[in-house]
Amino acid sequence: MQGVAITLLIIVAIALIVLVLLQSGKSAGLSGAISGGAEQLFGKQKARGIDAVLHRATVVVAVLLFVLTFAVAYIL
C-alpha cells in the first residue's frame, strides 16, 4: 500500500512540475511582478483559454500532492 502511495506521489509531483513549466510567464523583473499581482488582484487581466485550464489543473494537482504527502507521512 505504501509503495503505491509513493508511486502516485512521484507521478503527481512530476505532473505538477510539467504543469508549472507549461504556463506562460506574466512579466519579467521586479516591477512586472508587482504590477502583475495588482492587475490580477483588481481583475484587469483575466486568464483565458489554455492559461485558465493550466491554472485550474495546477491547483488541483497541487492539492492532490499535499493530500498524498500527508497521507504518506502520517497515515501510511
Side-chain angles (χ1 to χ4, degrees):
M1 182 68 179
Q2 188 174 7
V4 172
I6 291 175
T7 304
L8 282 174
L9 185 63
I10 291 171
I11 292 170
V12 169
I14 292 170
L16 183 62
I17 291 169
V18 169
L19 284 171
V20 169
L21 288 176
L22 284 175
Q23 293 180 14
S24 62
K26 299 297 179 196
S27 56
L30 181 60
S31 63
I34 294 171
S35 67
E39 287 176 3
Q40 191 174 20
L41 179 64
F42 295 117
K44 292 181 182 177
Q45 184 179 18
K46 295 188 178 185
R48 293 186 182 143
I50 192 71
D51 287 334
V53 173
L54 287 174
H55 181 265
R56 288 187 187 120
T58 303
V59 170
V60 169
V61 172
V63 169
L64 185 61
L65 180 79
F66 279 106
V67 168
L68 282 173
T69 302
F70 286 129
V72 168
Y74 294 111
I75 298 172
L76 299 177

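Asp51 approaches Ser24 most closely through the heavy-atom pair OD1-OG, 3.5 Å.
Connection of Tyr74 to Val4 is not established within any shared hydrophobic cluster, with ILVMFWY side chains joined at heavy-atom distances below 4.5 Å, either directly or through further cluster members. Side-chain heavy atoms closer than 4.5 Å link hydrophobic residues (I, L, V, M, F, W, Y) into clusters, and following such links, even through other members, never connects Val59 to Ile14.
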- Show the numbers, then the answer: is there a side chain to side chain contact (heavy atoms under 4.5 Å, CB included) between Val60 and Leu64? CA-CA 6 Å; Val60 169; Leu64 185 61; 5.6 Å; no
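A side chain to side chain donor-acceptor pair (under 3.5 Å) check over residues 10-22, counting only residues at least two apart or in different chains, returns nothing. Sorted by first and then second residue, the side chain to side chain donor-acceptor pair (under 3.5 Å) pairs involving residues 57-72 (not counting sequence neighbours) are Gln23-Thr58.
Summarising the geometry, atom CG belonging to Leu65 is positioned 11.5 Å from atom CD1 belonging to Ile10; distances are rounded to the nearest 0.5 Å. How far CD1 of Ile6 is from CE of Met1: 11.5 Å, rounded to the nearest 0.5 Å. To the nearest 0.5 angstrom, Phe66 atom CZ is 11.0 Å from Leu9 atom CG. Rounded to the nearest 0.5 Å, atoms CD1 (Ile17) and CG (Leu22) are 12.0 Å apart.
Hydrophobic cluster membership of Ile11, counting Ile, Leu, Val, Met, Phe, Trp and Tyr whose side-chain heavy atoms lie under 4.5 Å apart directly or via other members: none, as it forms a cluster of its own.
Remark: Ala5 pairs with Val72, Leu76 by the side chain to side chain contact (heavy atoms under 4.5 Å, CB included) rule, at least two apart or across chains.
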